[in-house]
Amino acid sequence: MRVLVKLGGTLLDSDETRVRLAAEIAEAAKSHEVVVVHGGGKQMTKFLAERGVESKFVNGLRVTTPDVIDAVMKVFAGSVNASAVTALRAAGAMPVGLSGISAGLVDAEILNPELGFVGKPTQSNPKLLQVLTAAKLLPVVACVAGDASGNIYNVNADQMAVACAAAYRAEKLLFLTDVNGVKDGAGNVRTSLTRAEARQLIADGVATGGMQAKLESSIAALDGGVPEVRIAPGAKVGIVAELLAGAATGTALVP
């Protein structure tokens, strides 16, 4: 089975959680074709602050100037990617660190001129993922994209995961995050949501910020042909095996 696991940057920021999830993903990769996509926004904000650069956001997206795109490469495709790869290697997997720039994996275009070099994925070429997973290697993709003209874009990690999952024809897309799932207006975690219900949570202002982005990405994944999308708690021990076994943990987005 082809599985794409999106790891939130907050999960990678904790040494304990990173090591545990690496072990769970490495175990899954023994019997499934697994691809990992990761974020790293918290690490990026810290990196910029240490250099006296204030992080500015518009609708939850980081304004990405030429200075920030340099940091994007250093943090997302550099230190965060390397830490994930190192943890997976220590767990017994054979990970390969990549970004969307690699072999045209994910191309993007400017999302909004006000945001600078923030990209919206336009196409994805899954060939590199197919070659690597067929060889029993584990692709680990940083949320950086490019284009044929040599531009580099900062791409929302959830959108990067969707682009890769749809092109790769993943059978499961797992968003591992720092919450238990998607909550409704009463504060209860929903075990499943239809597209219409997810859109209603956004329209009602119940799902905002990062959760709104995840729901919009989940809908896009369903529209892109991914049959199963789940938003689940990465902090739960054994979560990867649990989800691959079909457990109803977290929130499933259903067609």
About how many Å separate CG of L7 and CZ of F175, when rounded to the nearest 0.5 Å?
11.5 Å
Exercise: identify the closest heavy-atom pair between A77 and A142
CA-CB, 3.7 Å
Heavy-atom distance under 4.5 Å between the side chains of M1 and L244, does that happen here?
yes
Quick one: does T251's side chain have a donor or acceptor within less than 3.5 Å of a partner on R190's backbone?
yes
For L111, the rest of its hydrophobic cluster, which grows through side-chain links under 4.5 angstrom:
V58, L61, V63, L115, V118
Examine I231 and I202 and state if one hydrophobic cluster contains both, with Ile, Leu, Val, Met, Phe, Trp and Tyr joined whenever side-chain heavy atoms are less than 4.5 Å apart.
yes
Verdict with supporting geometry, I101 and M73, side-chain contact (heavy atoms from CB on, under 4.5 Å)
CA-CA 11 Å; I101 297 170; M73 293 300 295; 4.1 Å; yes
Return the minimal non-hydrogen interatomic distance between P95 and V140, and the atom names on each side.
CB-CG2, 3.9 Å
Reported OG-to-CG distance for the pair S102 and L132, which is rounded to 0.5 angstrom
9.5 Å
When rounded to the nearest 0.5 angstrom, what is the spacing between CG in L105 and CD in Q123?
11.0 Å
Does any non-hydrogen side-chain atom of D184 lie less than 4.5 Å from one of V206?
no
Would you say that R230 contacts K172 through its side chain, given a criterion of any heavy-atom pair below 4.5 Å between the two side chains?
no
Flag side-chain contact, heavy atom, 4.5 Å: V141 against V106:
no
Short side-chain to backbone donor-acceptor contact, R62 and G41, under 3.5 Å:
yes
Would you indicate whether the side-chain heavy atoms of V162 and V226 approach each other to under 4.5 Å?
no
Atom NZ in K42, atom NZ in K46: separation rounded to 0.5 Å?
8.5 Å
ILVMFWY network linking L243 to V189, side-chain heavy atoms under 4.5 angstrom
no
According to a hydrophobic-cluster definition based on side-chain heavy atoms being under 4.5 Å apart (Ile, Leu, Val, Met, Phe, Trp, Tyr only), do M44 and F57 belong together?
no
Can a donor-acceptor pair be found, under 3.5 Å and without considering hydrogens, that links the side chain of Q43 to the backbone of G9?
yes
Full working for side-chain contact (heavy atoms from CB on, under 4.5 Å) between I219 and V229
CA-CA 9 Å; I219 293 168; V229 183; over 6 Å; no
Evaluate the side-chain proximity of L12 to H38: yes if any heavy-atom separation is below 4.5 Å, no if none is.
yes
Full working for side-chain contact (heavy atoms from CB on, under 4.5 Å) between V72 and I152
CA-CA 9 Å; V72 163; I152 298 172; 5.6 Å; no
Quick check on the hydrophobic clustering: are M94 and L21 connected, directly or via other members, by side-chain heavy-atom contacts under 4.5 Å?
yes
Indicate the atoms forming the closest heavy-atom contact of A26 with A93, along with that distance.
CB-CB, 3.8 Å
So, do K56 and T65 sit near enough that their side-chain heavy atoms are less than 4.5 Å apart?
no
Output for pair (N112 CG, K120 NZ), nearest 0.5 Å, gives 11.5 Å
So V36 and I25, side-chain contact (heavy atoms from CB on, under 4.5 Å) or not? Walk me through it.
CA-CA 9 Å; V36 173; I25 292 168; 3.9 Å; yes
Minimal non-hydrogen separation, L88 against A22, with atom names
CD2-O, 3.5 Å
Among pairs that include at least one residue of residues 139-168, which meet side-chain hydrogen bond (donor to acceptor under 3.5 Å, both in side chains), considering only residues two or more places apart or in two chains?
K6-D158, E33-Y168, T64-N154, T133-Y168, D147-N151, D147-Y153, D158-K214
I'd like to know if E16 pairs up with R20 as an ion pair, taking the criterion as any Lys NZ or Arg NE/NH1/NH2 lying under 4.0 Å from an Asp or Glu carboxylate oxygen.
no
Hey, is CZ on R89 packed in by over 12 heavy atoms from elsewhere, all under 6.0 Å?
no
Could you state whether V68 and I110 fall into the same hydrophobic cluster, counting links through intermediate Ile, Leu, Val, Met, Phe, Trp or Tyr residues with side-chain heavy atoms under 4.5 angstrom apart?
yes
L174 CG to I239 CD1 distance, which is reported to the nearest 0.5 Å:
8.5 Å
D107 versus A145, closest heavy-atom pair with distance:
C-CB, 4.5 Å
Which heavy atom in P121 sits nearest to a heavy atom in A163, and how many Å separate them?
CB-CB, 4.0 Å
Single hit among L129, V96, V131 for side-chain contact (heavy atoms from CB on, under 4.5 Å) with L137
V96
